[in-house]
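Every number for a ligand or one of its atoms is a count from 1 in the order of the listing.
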Amino acid sequence: MIKTVFTTPFNDQKPGTSGLRKKVKIFEQPNYLENFVQSLLDSLEGGAAGKTFILGGDGRYYNRQAIATVLKMAAANGVAKVIVGQGGILSTPAASNLIRKRKVDGGIVLSASHNPGGPNYDFGIKFNVGNGGPAPEKLTNAVYARSREIAEYKTLDADVPSLAILGTFDLAGMTVEIVDPVSDYAQLMEELFDFSAIRDLLGSGFRMRFDAMSAVTGPYALEIFEKRLGAPAGTVLNSKPLEDFGGHHPDPNIVHAKKLYEELMGSGAPDFGAASDGDGDRNLILGRGIFVNPSDSLAILAANAHLAPAYKNGIAGIARSMPTSRAADRVAEKRGIGMYETPTGWKFFGNLLDAGKVTICGEESAGTGSDHVREKDGLWAILLWLNILAVRKESVADIVNAHWAEFGRNYYARYDYEEVEQARADALMTELRAKLSTLKGQAIEGEMVSDADDFAYHDPIDGSVSENQGIRVLFESGSRIVFRLSGTGTSGATLRVYLERYEPAGGNHRQETQAALVKLVHAAEEIAGIARHTGRDAPSVIT
Ligand code: G16
């Protein structure tokens with residue numbers, strides 16, 4: 001039943017910030033997915049034979065075909081067992097949890113996260129290692145190298161039975177176990193948080209809305225919010241996962257979750273609004289009349305985590321990706337705990353979490369998480385907010401304002417220029433790199449540049465070095481502009497410009513964000529020549 005198929009390499013299988021993400025049409029090319037999966041199996045330390053993996057995805061278009069392909073190839077390569085979410089469904093944090101709970105060798109997660117789904121949109125595949133976290137660069141580089149020389153792959157000449165029924169079956173000598181995708185994860189959440197306090201909050205007239213964005217968190221949110229926490233039916237919006245997410249971007253920000261945002265900003269708004277993305281690892285936090293910027297959310301969660309049972313003894317330290325605002329740094333400083341700055345990509349947090357250096361991590365791109373798994377976790381962040389709200393009995397806006405009053409406010413925004421021609425985006429970055437050494441000491445828009453560099457990360461645990469992780473321009477005032485190219489887009493290049501201005505405690509924290517950042521927007525243009533290089537006079541999205 002095992003067959004060997006001869007193939008030729010594709011030259012574009014280099015994993016990005018979070019696995020291999022491409023248009024579905026690219027994945028549908030004959031041998032494309034197979035080449036990548038075989039390259040992955042070949043690159044695992046000690047080979048794939050005899051190992052056990054978790055497998056699941058966010059249910060987007062092509063998920064089912066891909067799951068069948070992976071199962072057949074795993075069996076043909078001698079994998080001992082694969083544990084699959086029922087119907088091929090697993091959120092990214094639930095997959096990370098299962099890897100850890102079942103102590104298996106790793107997991108394959110099929111998702112393109114917040115990118116849109118459907119035959120004309122995006123698909124993705126990533127591998128998580130035994131600690132439950134995304135594969136480190138050492139492994140993804142090895143997979144890419146292997147994909148450049150692959151000549152054959154192994155698969156089965158057989159059909160894969162239905163994945164709809166819980167239980168176990170044999171596939172050419174490999175055991176396939178179908179598990180409920182929700183229950184282990186929901187149980188973990190119940191262990192971390194004070195569900196009875198949250199239940200009391202929800203029963204006290206406090207109103208919340210959760211938008212699952214027709215993506216994977218629907219079933220998780222129904223179980224946790226409506227069933228276990230007793231929120232009224234209808235609290236969870238768009239709870240049915242759809243292959244094309246109903247035609248929307250399942251990206252929990254104020255642009256793509258506009259309806260929810262407007263509801264929270266409108267009259268008679270609920271007390272709390274939240275959303276998660278395609279695969280359940282991102283989060284959006286809204287209070288009545290207020291959007292909580294993800295960087296602020298990280299700082300506030302870190303400052304208040306001790307109010308939840310899991311973190312009652314305090315947190316060991318905080319990590320954030322470099323472009324994330326430095327709001328969390330103020331918390332770490334004041335509390336005397338460690339603060340770590342890593343490149344963009346959750347994989348860089350794994351070593352720090354494993355070594356116990358940090359408990360809470362977060363990113364400007366709407367990801368927050370802790371040492372309970374090795375992925376960012378949308379529902380976790382929302383439940384921690386609810387736990388804090390239940391204990392403090394204050395509104396979201398009051399908590400945010402009190403935080404700024406104590407720690408100061410880091411005004412922050414990200415400007416994205418999407419689908420820029422790759423060569424033009426590269427030219428912008430090259431020109432910027434070349435002028436880095438001349439920026440220091442220059443006054444731009446009346447602000448003195450105190451330093452400018454290309455961020456390189458020296459992992460304090462394994463000593464690995466990751467270079468060229470984004471250009472930082474730092475000003476004497478404490479403001480900062482970061483320029484980098486996204487590693488998750490699927491067409492052309494996306495230029496991200498991250499703007500940050502610090503207003504200390506006692507300052508004016510009530511300005512409108514864009515107004516507070518206007519000088520930095522001009523400075524970014526002056527430094528990088530964005531319009532000249534990209535031909536755009538405005539960003540595609542501001543978050
Ligand atoms: C992934 C990574 C995150 C990263 C984000 C954006 O998130 O896991 O660490 O911050 O992409 O990356 P980039 O700026 O390179 O596009 P997700 O939710 O898409 O898996």
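What you find for Met213 and Pro250 is that their closest heavy atoms are SD-C, 3.9 Å.
Remark: ligand 1 atoms within the under-4.0 Å shell around heavy atoms of Gly487 are 13 (P), 15 (O), 16 (O). Shown in contact with Ser365 at under 4.0 Å from a heavy atom are these atoms of ligand 1, numbered in order with element: 4 (C), 5 (C), 10 (O). Distances below 4.0 Å separate heavy atoms of Glu363 from the following atoms of ligand 1: 3 (C), 4 (C), 9 (O), 10 (O). Taking a cut-off of under 4.0 Å to the non-hydrogen atoms of Trp346, the atoms of ligand 1 that pass are 8 (O), 9 (O).
Using a 4.0 Å cut-off between heavy atoms, Ser113 contacts ligand 1 through its side chain alone, with no backbone atom that close. Both the backbone and the side chain of Thr488 come within contact range of ligand 1, each with a heavy atom under 4.0 Å. Contact annotation: for Thr92 versus ligand 1, there are no heavy atoms closer than 4.0 Å.
Ring centroid separation for the pair Tyr32 and Phe10 comes in under the 6.0 Å cut-off. The distance between the ring centers of Tyr185 and Tyr220 falls below 6.0 angstrom.
Between Leu192 atom CG and Asp377 atom CG the span is 9.0 Å, to the nearest 0.5 Å.
Residue-to-ligand polar distances keep Thr344 apart from ligand 1: every N/O pair is separated by 3.5 Å or more. Annotation: Leu485 places no N or O atom under 3.5 Å from an N or O atom of ligand 1; distance criterion only. Looking at ligand 1, you won't find any N or O of Glu364 less than 3.5 Å from one of its N or O atoms. For a threshold of 3.5 Å applied to N or O pairs, the pair formed by Arg414 and ligand 1 contains no separation below that value.
Between Arg326 and Glu341 no salt bridge is recorded (no basic side-chain N to carboxylate O distance below 4.0 Å).
Contact annotation: the side chain of Asp451 never approaches that of Val449 to less than 4.5 Å [non-hydrogen atoms, C-beta and beyond].
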Under the criterion side-chain contact (heavy atoms from CB on, under 4.5 Å), I'd like the reasoning laid out for Lys376 against Thr92: C-alpha separation, chi angles, the key distance, then a yes or no. CA-CA 8 Å; Lys376 55 189 186 278; Thr92 290; over 6 Å; no
Does the side chain to side chain donor-acceptor pair (under 3.5 Å) test come out yes or no for Thr359 and Asp371, once each step is laid out? CA-CA 5 Å; Thr359 309; Asp371 57 0; 4.5 Å; no
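Ranked by closest heavy atom to atom 5 (C) of ligand 1, the top entry among His114, Arg496, Arg282, Arg484 is Arg282. Comparing Lys126, Arg21, Lys376 against atom 8 (O) of ligand 1, the shortest heavy-atom distance belongs to Lys376.
Under the side-chain contact (heavy atoms from CB on, under 4.5 Å) test applied with Leu90, the options Ser111, Ser96, Pro181 reduce to a single match, Pro181. For the salt bridge (Lys or Arg N to Asp or Glu O under 4.0 Å) criterion with Asp122, the lone passing option out of Lys22, Arg21, Lys23 is Lys23.
Within the structure, the closest approach of Glu375 to ligand 1 does not fall below 4.0 Å when heavy atoms are considered. In this structure, Lys347 does not count as a contact residue of ligand 1, since none of its heavy atoms falls inside 4.0 Å of the ligand. Proximity of Gly345 to ligand 1 is established by a heavy-atom distance of less than 4.0 Å.
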